[in-house]
There are 2 protein chains.
Amino acid sequence: MIKYKNALFNCTMELAIELIGGRYKALILWHLLDRTLRFSEIKRLIPQATQKMLTQQLRSLEEDGLIIRKVYPEVPPKVEYSLSESGKNLKPVLEAMCQFGKSYVEEHELKTQMLIHP
Amino acid sequence: MIKYKNALFNCTMELAIELIGGRYKALILWHLLDRTLRFSEIKRLIPQATQKMLTQQLRSLEEDGLIIRKVYPEVPPKVEYSLSESGKNLKPVLEAMCQFGKSYVEEHELKTQMLIHP
DNA sequence: GTAGTAAGTATCTAAATGGGTACTATATTA
DNA sequence: TAATATAGTACCCATTTAGATACTTACTAC
């Protein structure tokens with residue numbers, strides 16, 4: 001039994017789901033694996049998420065100590081997000097997920113189409 | 001770009017999240033990694049989920065071809081769930097998640113307490 | 001003849017999630 | 001003088017998700 005933030009988890013798997021199971025969390029972490037990103041860059045990388053959603057997910061990831069939020073006291077604002085040490089531990093998970101997705105696409109012969117980006 | 005069930009995904013990671021991101025999906029798959037399970041066994045393993053939720057998640061996993069549902073024409077009913085070949089490809093993901101959870105518990109010194117089971 | 005069983009479905013309600021729009025700050029640019 | 005840029009917050013509404021409860025089937029045990 002694991003206690004975290006007034007919730008009980010029966011196994012580490014349940015805790016892991018709680019930590020990275022959010023709507024866009026794994027995707028954000030995946031992008032941060034490459035490098036530190038500004039808020040606007042994340043928004044551009046995940047256009048299907050609204051600004052509110054991104055802010056929410058980023059705050060949650062920060063609270064759980066998976067990412068680090070660095071605010072520069074400038075105008076216009078500049079905020080950089082990067083992976084914490086805990087967050088970096090997610091690398092095997094994220095890479096395995098990506099690999100699984102790839103194999104799933106191949107097995108199920110999902111049409112992969114390139115779209116020209118303006 | 002990947003097209004799956006009338007939805008578009010920008011990368012395999014997004015698809016993977018769609019497939020295993022549901023409330024109890026990863027947990028169900030994790031338990032099925034060990035062995036085939038009857039519905040009632042899954043219910044016992046994940047008591048925090050209602051029957052409706054479990055049925056829903058299991059149906060979704062079946063639709064996505066990650067698990068196999070075998071119904072025995074008996075009364076009372078007997079239904080067995082097992083991993084498909086696609087589902088078995090999730091093993092590295094699930095094991096990495098579990099490992100991450102473990103390291104997170106250690107790093108953050110979350111009290112792990114044993115509860116006596118009646 | 002009643003109770004219990006396994007794996008559900010149906011229905012209703014409550015709570016969480018998500019989207020849209022408007023608003024904020026202040027320095028720089030046109 | 002007005003527009004632009006960034007990283008938000010505030011508010012309202014719609015949708016989705018989740019929970020609780022009752023019901024079903026047909027066989028077996030009591």
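From a predicted model like this one, the values you see are computed outputs, not experimental measurements. Every chain is numbered from 1, with letters handed out A, B, ... down the list of sequences.
- Atom CZ of R38(A) and atom P of dG8(D) are 10 Å apart (whole Å).
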Decide yes or no on salt bridge (Lys or Arg N to Asp or Glu O under 4.0 Å) for R35(A) and E41(A), but give the supporting numbers first. CA-CA 11 Å; R35(A) 60 184 182 86; E41(A) 294 178 299; 3.3 Å; yes
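- In terms of polar N and O atoms assigned as donor or acceptor, the side chain of K52(B) comes within less than 3.5 Å of the base of dG19(D) in a complementary pairing.
- Within the 4.0 Å cut-off from OP1 or OP2 of dG8(D), at least one side-chain nitrogen or oxygen of R59(A) is found.
- At the heavy-atom level, K43(B) lies nowhere under 4.0 Å from the strands shown.
- Of all heavy-atom pairs spanning L15(A) and G101(B), the tightest one is CD2-O, 4.1 Å.
- Atom CD of Q56(A) and atom C1' of dC11(D) are 14 Å apart (whole Å).
- In this structure, E74(A) places its CD atom 15 Å from C1' of dG8(D), rounding to the nearest Å.
- Rounding to whole angstrom units, NZ of residue K70(A) and C1' of dA7(D) are separated by 17 Å.
- Side chain to side chain, T36(A) and E80(A) fail the donor-acceptor criterion of an N or O pair below 3.5 Å.
- Residue R23(B) has a polar side-chain atom (N or O) positioned under 4.0 Å from OP1 or OP2 of dA18(D).
- Across all strands, Y81(A) comes closer than 4.0 Å only to sugar-phosphate atoms, never to a base (heavy-atom distances).
- In this structure, the OH atom of Y72(B) is 19 Å from the C1' atom of dC27(D), given to the nearest Å.
- Under a 3.5 Å cut-off, the side chain of E14(A) and the backbone N or O of N10(A) do form a donor-acceptor pair.
- Aromatic ring pairs are classed by plane angle as parallel below 30°, tilted from 30° to 60° and perpendicular above 60°; the pair Y104(A) and H108(A) is parallel.
- For E85(A), the side chain to side chain donor-acceptor pair (under 3.5 Å) partners are K88(A), not counting sequence neighbours.
- Within 4.0 Å of Q51(B), counting heavy atoms only, lies at least one base atom of the nucleic acid.
- Atom pair M53(A):CE and dA7(D):P shows a separation of 18 Å (rounding to whole Å applied).
- Atoms CD (Q57(B)) and P (dT17(D)) sit 9 Å apart, rounded to a whole Å.
- Contacts between chain A and DNA chain C, taken as any atom within less than 4.0 angstrom of a protein heavy atom, begin and end at dG18(C) to dA27(C).
- Looking at Y4(B) and D64(B), their side chains do bring a donor and an acceptor atom within 3.5 Å of each other.
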